[in-house]
2 protein chains.
Amino acid sequence: MNLRDLRYLLAVAEHGHFGRAAEACGISQPTLSVQLRKLEELLGVTLFERASKSVVPTAACERLIGHVRTAVAEADTILDVARSLRDPLAGRFRLGIIPTLAPYLLPLVFGPLRDALPALAVEPWEDQTAALLDRLRAHDLDAALLATEADGPDLAGLALFTEPFLAALPPDHRLAGRDTVSEAELAGDMLVLSDGHCLRDQVLAACGAPGGGSQGGPLGGTLRAASLSTLLNMVAAGYGTTLIPGLAAGVAQDAGLVLRPLSTPAGRTIRIVHRASYPRRVAAEAVGGVIAGRLRHFAAP
Amino acid sequence: MNLRDLRYLLAVAEHGHFGRAAEACGISQPTLSVQLRKLEELLGVTLFERASKSVVPTAACERLIGHVRTAVAEADTILDVARSLRDPLAGRFRLGIIPTLAPYLLPLVFGPLRDALPALAVEPWEDQTAALLDRLRAHDLDAALLATEADGPDLAGLALFTEPFLAALPPDHRLAGRDTVSEAELAGDMLVLSDGHCLRDQVLAACGAPGGGSQGGPLGGTLRAASLSTLLNMVAAGYGTTLIPGLAAGVAQDAGLVLRPLSTPAGRTIRIVHRASYPRRVAAEAVGGVIAGRLRHFAAP
DNA sequence: CCGGTTCGATAGATCATGACTATAATGTCA
DNA sequence: TGACATTATAGTCATGATCTATCGAACCGG
């Protein structure tokens with residue numbers, strides 16, 4: 001059975017006249033007659049009683065026509081809804097963001113995103129890299145802002161900006177007077193984030209430690225801060241030093257910390273990552289573009 | 001847009017696998033791929049995100065799929081309802097019957113009709129010939145039992161049985177002793193029905209009067225009985241004589257009348273009449289057949 | 001690292017069918 | 001009866017749905 005034929009049926013029922021119904025459908029009268037007869041044969045029911053001057057729906061047709069109207073209306077609804085979904089820069093856009101980035105980036109880009117992509121409802125989701133990758137692969141996220149490379153051929157990423165790592169010191173720290181600080185000098189009393197934060201691994205790597213393992217070696221003692229905010233407060237309280245990403249500089253200074261560039265600059269590159277097969281790639285690229293544009297002055301040397 | 005393609009969409013959504021979905025649809029996998037891509041192009045929306053080991057509905061697909069299910073379900077409903085309507089010997093059958101026939105015929109045939117055509121809901125409608133013809137032509141009746149020929153090329157009729165006219169006399173009438181009665185002898189004090197009853201015209205014609213006109217001539221005086229029942233009671237009360245159709249004989253005898261055959265037999269033929277274009281002709285013929293079978297012993301010579 | 005497997009996409013051939021034009025058949029009306 | 005209106009039929013054509021065969025990419029086990 002064909003939706004087209006159902007539309008023909010409705011046209012004949014409406015006009016009570018094959019010729020005018022055919023005209024309304026944009027087809028010739030013989031085509032309408034043939035198709036309607038086929039439909040009648042398919043259904044096994046005579047739909048219209050044709051007399052010389054009248055075409056009247058049969059009782060069977062009356063019983064069916066409500067369902068026919070519903071089916072055709074629903075098909076039209078499908079087309080309408082599809083039309084409204086056609087714009088890739090519209091609809092929900094679930095964006096994962098790592099915790100060491102979200103609090104400092106979102107306030108900067110939320111407004112510009114709303115302005116540049118008003119139809120796109122960006123919904124941030126904050127979690128650590130591994131969890132975001134899981135959700136991304138499970139189609140629970142459209143994209144994620146990560147500080148690591150896309151970690152498989154099923155994912156694709158686009159670099160947006162690079163933020164430098166800065167040494168964060170208590171004001172009374174012995175290195176606070178320097179213009180630049182070397183990582184080796186920091187290593188002795190450096191505090192790091194808890195496992196799972198990519199920033200932890202990157203900071204350890206920058207300081208020459210064997211990154212990744214849960215064993216921090218000589219670094220950081222027993223402290224494993226759950227959030228960058230906690231870490232900053234610990235440093236401000238004089239428990240040690242740390243490295244922070246550039247975007248957190250404002251908050252760190254507000255907390256009373258002294259920030260110094262590293263003598264051998266290091267940093268991390270923020271990427272927007274999505275599934276390689278993600279069909280709304282343009283949306284991800286548009287979001288990335290807006291963020292990159294807003295963050296251009298952080299571009300790495 | 002095609003219902004077939006919508007079914008394909010549902011199959012892919014259900015199986016998450018093109019090959020198995022194609023098998024479920026009874027088509028080859030390439031056909032499914034091509035048709036689904038065409039649907040996506042028509043809608044302007046990507047429906048599934050294809051990756052190497054997964055086929056996942058997009059957000060757009062999730063928004064659409066409810067409507068798709070509804071449309072397909074409604075189409076299936078159309079097929080189901082049509083199947084249930086396929087039997088022409090089922091459903092309502094609105095049957096017009098003239099007033100001089102209905103009270104005497106219906107008690108005889110209602111049971112047999114229910115037995116022979118249990119799925120056919122015969123709904124009697126009692127009115128005079130002209131009104132029945134109007135309703136028939138207006139598609140308000142499926143058929144009518146009339147005592148006249150089908151009166152136009154747009155109608156078709158089937159003779160069912162013939163009932164003789166009988167002279168109905170008061171028991172003390174001067175002719176009550178005869179074996180047969182001639183129409184001429186009756187004419188003097190014959191009572192007739194009011195205008196519109198076909199029986200009136202036929203009785204007048206049988207008695208040699210110029211039938212049809214509202215002017216009864218010497219016949220019937222001023223009495224114009226509205227129903228055969230009234231007429232019988234008037235005759236029983238001694239106000240005159242009349243001719244009655246054979247099926248009313250039982251009731252007439254119960255009313256105490258003397259019935260006598262006519263010396264030159266006359267009668268009327270009952271037909272089932274329907275529109276020439278009526279699509280359930282078999283239902284009309286089946287109803288007619290049951291009635292004719294029940295009335296076979298009334299068959300005219 | 002490599003051959004086998006899985007799975008969707010593509011190409012080309014085939015065939016069903018929806019569409020057209022022209023015409024017939026039928027009933028209506030003057 | 002002839003002119004008109006209306007639906008049905010016949011014949012032809014083009015679109016498009018389907019098939020088989022094959023490709024390409026990703027994954028997997030040795």
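Keep in mind that the numbers below use all heavy atoms, side chains included, and drop hydrogens, waters and symmetry copies. A, B, ... follow the sequence lines: proteins, then strands. Residue 1 opens every chain. Because the structure is a prediction, the values reported are computed rather than measured.
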Q: Specify the separation, in whole Å, of atom NZ of A:K53 and atom P of C:dG27.
A: 13 Å

Q.
Does C:dA19 have OP1 or OP2 under 4.0 Å away from a side-chain N or O of A:R4?
A. yes

Q) Between atom CZ in A:F48 and atom P in D:dA8, what is the gap in whole Å? A) 11 Å

(Q) Does C:dC7 have OP1 or OP2 under 4.0 Å away from a side-chain N or O of B:R50? (A) no

Q. Does A:R37 place a side-chain N or O at less than 4.0 Å from the phosphate oxygens OP1/OP2 of D:dT9?
A. yes

Q: Would you please confirm or rule out a distance under 4.0 Å between OP1 or OP2 of C:dG18 and any side-chain N or O of A:K38?
A: yes

Q) Would you say C:dT26 has OP1 or OP2 under 4.0 Å from some side-chain N or O of A:S52? A) no

Q: Just do the side-chain contact (heavy atoms from CB on, under 4.5 Å) check on A:S28 and A:T31 with the steps written out, would you?
A: CA-CA 5 Å; A:S28 69; A:T31 297; 3.0 Å; yes

Q: Check every strand shown and say whether A:Y8 touches a base, only sugar-phosphate, or nothing at a heavy-atom separation below 4.0 Å.
A: sugar-phosphate

Q.
Side-chain N or O of A:S28 versus OP1/OP2 of C:dC20: is the shortest distance under 4.0 Å?
A. yes

Q.
Could you tell me how far apart B:N2 (CG) and D:dT18 (P) are, to the nearest whole angstrom?
A. 8 Å

Q) So, does A:T70 use its side chain to make a donor-acceptor pair with the main chain of A:G66 at under 3.5 Å? A) yes

Q) When the nearest nucleotide of DNA chain C is assigned to B:G19 and to A:L32 on a heavy-atom basis, which residue is associated with the more 5' position? A) B:G19

Q: Please report, rounded to the nearest Å, how far the P atom of D:dA8 is from the CD1 atom of A:I27.
A: 13 Å

Q. Does the pair A:V34 and A:K38 meet the rule for a side-chain contact (heavy atoms from CB on, under 4.5 Å), with working shown?
A. CA-CA 6 Å; A:V34 168; A:K38 281 190 190 174; 4.1 Å; yes

Q: Map A:P30 and B:H17 onto DNA chain C by nearest heavy atom, then report which one ends up closer to the 5' terminus.
A: B:H17

Q) Got a second to check how far A:R37's CZ is from A:F48's CZ, nearest 0.5 Å? A) 12.5 Å

**Q.** A:T31 side-chain N/O to C:dG18 phosphate OP1/OP2 under 4.0 Å
**A.** no

Q: Starting from the 5' end of DNA chain D, give me the residue, A:D154 or B:G26, whose nearest nucleotide shows up first.
A: B:G26

**Q.** N/O donor-acceptor pair, side chain B:Q29 with base C:dA9, under 3.5 angstrom
**A.** yes

Q: Let me know the distance between CG of A:L47 and P of D:dT7, rounded to the nearest Å.
A: 15 Å

Q) Just wondering, do B:L101 and B:R268 contact through their side chains at under 4.5 Å, heavy atoms? A) yes

Q.
If I take atom CD in residue B:Q35 and atom P in nucleotide D:dG16, what distance separates them, rounded to the nearest angstrom?
A. 10 Å

Q) For the pair made of CG in A:L39 and P in D:dA8, what is the distance, rounded to whole Å? A) 14 Å

Q. Roughly, in whole Å, what's the span from NE2 in A:H15 to C1' in D:dT7?
A. 17 Å

